[in-house]
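This one's a predicted model, so the numbers in the text were calculated from it and none came from an experiment. Each residue takes its place number in the sequence, starting with 1.
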Amino acid sequence: MTTVETRPPLIGEGIDRVDAPLKVTGTANYPNDFSYPGMVHAALVGSTIAAGRIRSIDASGAQAAPGVLTVITYLTAPHLERGPMTLLGPSVPAPMQDDRILHYGQHVAVVVADTPEQARHAASLVRIDYEPAAEALLDTEDPRAQIVEDPWDMDHERGDVEAGFAQADVVIDERYTTPDNTNNPLGLMGTIAAWHGDSVTIHDSTQWPHNVRTSIAQIFGIPESGIRVLVPFIGGGFGAGLRVWSHTILTVLAAREIRRPVKLVLTRPQMFTSVGHRPDSVQQIKIGVTRDGDLTAIEHLSISSLTMDDDDYEPVASGTAVAYACPNARTRDRQARLNIPCPGSMRAPAEAQGNWALESAIDEAAHAIGMDPLAFRLHNFAEVHPVLNLPWSSNALRECYTLGAERFGWSMRTPEIGSMRDGRWLIGWGMAAGAFPFFQAPCQARASLRHDGSAYVRSAAADLGTGTYTVMTQLAAELLGLEIGKVRFDLGDSDMPYAPMAGGSGLTGALSGAVKIACTKLIQEFLDVVRDDDASPLRGAGPDDVTVGEGRLFLIDSPDQGETFVDILARHGLEELSADGRNTPPVAEKIRMAPAGAFGAKFVEVRIDPQLGLLRVARVVTAIDGGRILNEKTARSQIIGGTVGGISQGLFEETATDAGTGRIANATFADYLMPVNADIPDIEVIFCGEPDRASKVGTKGVGEVGLVGLAAAVGNAIHHATGRRLRSLPLTIEQLML
């Protein structure tokens, strides 16, 4: 069956998003846009201490306020179970089950009223008397903090690290830090819950509808069959929607308690304390290198922050184990439990922090031996997976280096510090490698062909705006031989076939595989129908005998012999045929390859005016190995967005926690710094490489790799311009002026 097996071009047609008309006309329904008859509104009360206990709660003033229907606290909340373990590891703790306060802003009461204004006003009337702990734990390096060693059993050691350092001519041993960052999607996250007897419909700002269904089922002790989660569109996420947070649980609880639909939308300050954040990190990297540029040993030690009663998957140091061809390597990760809101995944989790330290240290090592930073990286390129010692399923990082450098003009770089100038401006050119590891989870999809010649393909995935609707429509159209307008792809409904999270750069690979299998099986369904049909020119044909196009099946050897899907269905009295596809991730040992994630090379020019204290990113070229690109336009958009996020991480973002109280001090868009248009330069994106051999469609995810490496490239460019090596993010002009 040639067409089903023939892959789309390496650069897919950059068609416009199929969901664009809904979005630009304002008719796309986000979770907060839904409504129900009799719907009421909820508001949260957050704790004003970081650690301690609740002595007493006086909700009488709130209860007597106009429009208030109920006030729920730990004193009145029913027992709820802890949520299940997930692909991310952590099981969700149920909120408001006791009097403990574990972080500032913890949800300690929920008020339900007729209008959102009444709910917010009543929430301000809840009076809580606290018994603060002697001192909250807020510093990752606080010696009193409980340390979690090797949280994910991912620490790695190979070779003889100490002997490797002894063989080195130069040893770099430096400390690098990254601060908390907060995801801050533009759309405020929220939940609507409506019970119908013992069943509940939930509209939630989630990146993983099935996870919400499974978690709510366990927490409330009800069957999954009685829960439907809907999220056709999300107002952004960047990882904030990967967990089931307490506001979702409390909305479902409140709706059950009053037997009316309830809507709860977080405020912007609550977004800083309620839906996760990138944890801070303190990293020590030691690199041994010979004068010839050979890496002899790498040691990467990291400690990052964690909340008191939850977990977070953030293996900061682990990426270093596979980044370069170094015979001796050691990586260690630890977490410190603190009185902070629970960290969670934020775009390029772990890699964003770990890469900043590694690629800065690699640059330092190259500079120490007088070797060009690009040549140093090429010299130590990992031809095979350094841990598994297997060939990569694909790895075009060398090509990324070469093409990116050529497009940037790297050969014109003069290596001496401060040697490139434009008038009073100091010019710095820096680069870094970037990668995001392979991730894929099981996924299912269903494909149907209808009597009118249209196809309907669906899976319970989520589209954050990354283009999932569009690329899956394109893929299904290609596989079924239909025009784009004849294919509808749907998602965002937990009643559809299972899909994993839209995160970890893993959804496109998992979902495209499921869609391909479903479409392949659907073609087989049509062949089965006509197998003994004397009226069909396809009678007795097998999958290797046919191909598809223009809404019809036809014989490969006799293109004039075939018939349309519509004719087959009509002749056999069928309204439609359907088939299910189930995709499972590849296993390295079975395929004898190391499944590869995306790779990239980032080249950056910075300009610094030492007189006025100005620091500008002037130019970025990013070369990406993303495997098969299904839609060049949406993929490029992802890389540009990730690049902006990387510049933001490098120069702007820092969630500031007051050391005395644990309060987030900059929990508004007015105070939390992010780049605006004037801060972002021209960004050139180049796609490199070939389809990935471990993927059924050849794709790799590109959602994260656009960010990884940008901060280090900016820092390396600053060093080239000024000679100042900054090792703490964000990189600010104040650090340069010290």
Side-chain angles (χ1 to χ4, degrees), residues 44 46-47 49-53 74 77 79-108 133 136-140 142 145-154 180-183 189 191 204 206-208 211-212 214-216 218-219 237 239-250 252-253 266 270-281 303-316 333-346 349-350 353 501 503-504 655 657 662 664:
L44 295 166
S47 67
I49 64 170
R53 291 187 175 275
Y74 85 93
H79 172 73
L80 300 173
E81 297 294 332
R82 194 176 179 99
M85 298 291 288
T86 70
L87 290 172
L88 294 175
S91 61
V92 181
M96 296 195 326
Q97 296 296 289
D98 55 42
D99 64 352
R100 295 179 303 154
I101 300 299
L102 302 180
H103 67 84
Y104 193 100
Q106 177 181 320
H107 301 158
V108 293
L137 294 173
L138 300 170
D139 186 347
T140 301
D142 192 319
Q146 175 191 347
I147 302 299
V148 182
E149 300 280 353
D150 191 10
W152 316 281
D153 194 28
M154 291 179 64
D180 291 341
N181 297 156
T182 300
N183 306 53
M189 303 187 81
T191 304
D204 191 50
T206 180
Q207 297 171 226
W208 193 359
N211 182 45
V212 176
T214 300
S215 298
I216 294 298
Q218 180 160 319
I219 291 168
L242 292 175
R243 298 280 299 275
V244 179
W245 300 106
S246 66
H247 74 272
T248 298
I249 301 168
L250 292 174
V252 176
L253 173 61
L266 297 175
Q270 286 170 344
M271 294 281 287
F272 281 77
T273 58
S274 304
V275 291
H277 62 275
R278 191 192 303 283
D280 67 358
S281 72
I303 183 168
S304 56
S305 56
L306 184 64
T307 195
M308 286 292 183
D309 190 33
D310 209 332
D311 296 297
D312 174 44
Y313 180 75
E314 207 84 22
V316 172
D333 270 298
R334 299 183 300 157
Q335 292 178 302
R337 291 201 178 275
L338 306 175
N339 294 114
I340 61 171
C342 183
S345 298
M346 181 172 169
Q353 304 96 289
M501 58 187 177
T655 306
T657 299
I664 305 298

**Asked** With sequence neighbours excluded, what pairs up with D280 under the side-chain hydrogen bond (donor to acceptor under 3.5 Å, both in side chains) test?
**Response** T140, S305
**Request:** Report the residues that fulfil side-chain hydrogen bond (donor to acceptor under 3.5 Å, both in side chains) with N183, sequence neighbours left out, ordered by chain and then residue number.
**Result:** none
**Prompt:** Between Q335 (side chain) and D312 (backbone), is there a donor-acceptor pair under 3.5 Å?
**Reply:** yes
**Request:** Rounded to the nearest 0.5 Å, what's the gap from CG on L102 to CG on L338? Could you check?
**Result:** 12.0 Å
**Message:** Tell me every residue that passes salt bridge (charged side-chain N to carboxylate O under 4.0 Å, His left out) with D139, counting only those two or more places apart in sequence or in another chain.
**Reply:** none
**Asked** Checking side chain to side chain contact (heavy atoms under 4.5 Å, CB included) for the pair W245/H107: CA distance, chi angles, key distance, verdict?
**Response** CA-CA 11 Å; W245 300 106; H107 301 158; over 6 Å; no
**Prompt:** Considering only heavy atoms from C-beta outward, does the side chain of M308 approach that of H103 to under 4.5 Å?
**Reply:** no
**Fill in**
Partner of V212 under side-chain contact (heavy atoms from CB on, under 4.5 Å), picked from I249, T206, V252, is T206
**Item:** A350: partners by side chain to side chain contact (heavy atoms under 4.5 Å, CB included), with sequence neighbours left out
**Value:** E314, P315
**Request:** Quick one: do L137 and Q146 satisfy side chain to side chain contact (heavy atoms under 4.5 Å, CB included)? Show the steps, please.
**Result:** CA-CA 10 Å; L137 294 173; Q146 175 191 347; over 6 Å; no
**Request:** Look only at the side chain of D99 and the backbone of R53, and say whether a donor-acceptor pair between them is shorter than 3.5 Å.
**Result:** no
**Exercise: identify the closest heavy-atom pair between A50 and L138** = CB-CD2, 4.4 Å
**Item:** Residues that S47 engages under side chain to side chain contact (heavy atoms under 4.5 Å, CB included), provided they are two or more places apart
**Value:** I101, Q106, V108, Y130
**Prompt:** With no hydrogens and no angle check, is any side-chain donor or acceptor of W208 less than 3.5 Å from a backbone partner on G503?
**Reply:** no
**Asked** Where is the tightest heavy-atom contact between T182 and G276, given as atom of each residue plus distance?
**Response** CG2-O, 4.4 Å
**Request:** Kindly indicate, with the supporting measurements, whether the criterion side-chain hydrogen bond (donor to acceptor under 3.5 Å, both in side chains) is fulfilled by T655 and H277.
**Result:** CA-CA 9 Å; T655 306; H277 62 275; over 6 Å; no
**Fill in**
Taken in chain and number order and not counting sequence neighbours, the residues that satisfy side-chain hydrogen bond (donor to acceptor under 3.5 Å, both in side chains) with T191 are D204, T248
**Prompt:** Among all residues two or more places apart in sequence or in another chain, which pass the side chain to side chain contact (heavy atoms under 4.5 Å, CB included) test with Q270?
**Reply:** L44, L266, T267, S274
**Prompt:** What residues, two or more places apart in sequence or in another chain, satisfy salt bridge (charged side-chain N to carboxylate O under 4.0 Å, His left out) together with R334?
**Reply:** none
**Message:** Quick one: does any side-chain atom of T307 pair with a main-chain N or O of I340 as donor and acceptor, under 3.5 Å?
**Reply:** yes
**Asked** Among R82, R243, R337, which residue meets the salt bridge (Lys or Arg N to Asp or Glu O under 4.0 Å) test with D311?
**Response** R337
**Residues which pass side-chain hydrogen bond (donor to acceptor under 3.5 Å, both in side chains) with E81, listed by chain and number, not counting sequence neighbours** = H79
**Asked** Among all residues two or more places apart in sequence or in another chain, which pass the ring pair (Phe, Tyr, Trp, His ring centres under 6.0 Å) test with F272?
**Response** Y672
**Prompt:** Can you name the nearest heavy-atom pair linking Q97 to L80, along with the distance?
**Reply:** OE1-N, 2.9 Å
**Message:** Once side chain to side chain contact (heavy atoms under 4.5 Å, CB included) is applied, do any residues pair with S345, and if so which ones, sequence neighbours excluded?
**Reply:** L88, L242, P349
**Prompt:** Between D333 (side chain) and D150 (backbone), is there a donor-acceptor pair under 3.5 Å?
**Reply:** no
**Asked** What residues form a salt bridge (charged side-chain N to carboxylate O under 4.0 Å, His left out) with R100, not counting sequence neighbours?
**Response** D98, D309
